[in-house]
Amino acid sequence: METLLVKVDNKKNSSFLRKLLLKFNFVVEVKTTASSEPYTLPEMVNVAGRLHSYADPSKKNSEKAVWEQVIQEKHGTP
């Protein structure tokens, strides 16, 4: 038998989740315990900013030049 531990942010959600889980045949029991530590949101991470730090400016400029060349070849000079 496996045990699953879930932390819920408030009693309303805890009650809802308890009722939902008990509807499944494979759930044997649902135990609740009050946690003394307050709920805190995990730190938000800006993924775009993190990925930007890995970008190589020389490759970026090279790619831009290639695209400009393709546009010139396809559409001609403006």
At what distance, to the nearest 0.5 angstrom, does OG1 of T33 lie from CG of L5?
7.5 Å
Out of curiosity, does L4 fall in the hydrophobic cluster containing L17 (side-chain heavy atoms, cut-off under 4.5 Å, transitive links)?
yes
For V27 versus L22, what's the shortest heavy-atom pair and its separation?
CG1-CD2, 4.4 Å
For the atom pair CD (E29) and OG1 (T3), what is the distance rounded to the nearest 0.5 Å?
8.5 Å
Minimum heavy-atom separation for R18 and V30, please, with both atom names.
NH2-O, 3.0 Å
On a heavy-atom basis, the closest approach of V8 and S14 is CG1-N, 3.5 Å
Between CG on residue L21 and CZ on residue F26, distance to nearest 0.5 Å
7.5 Å
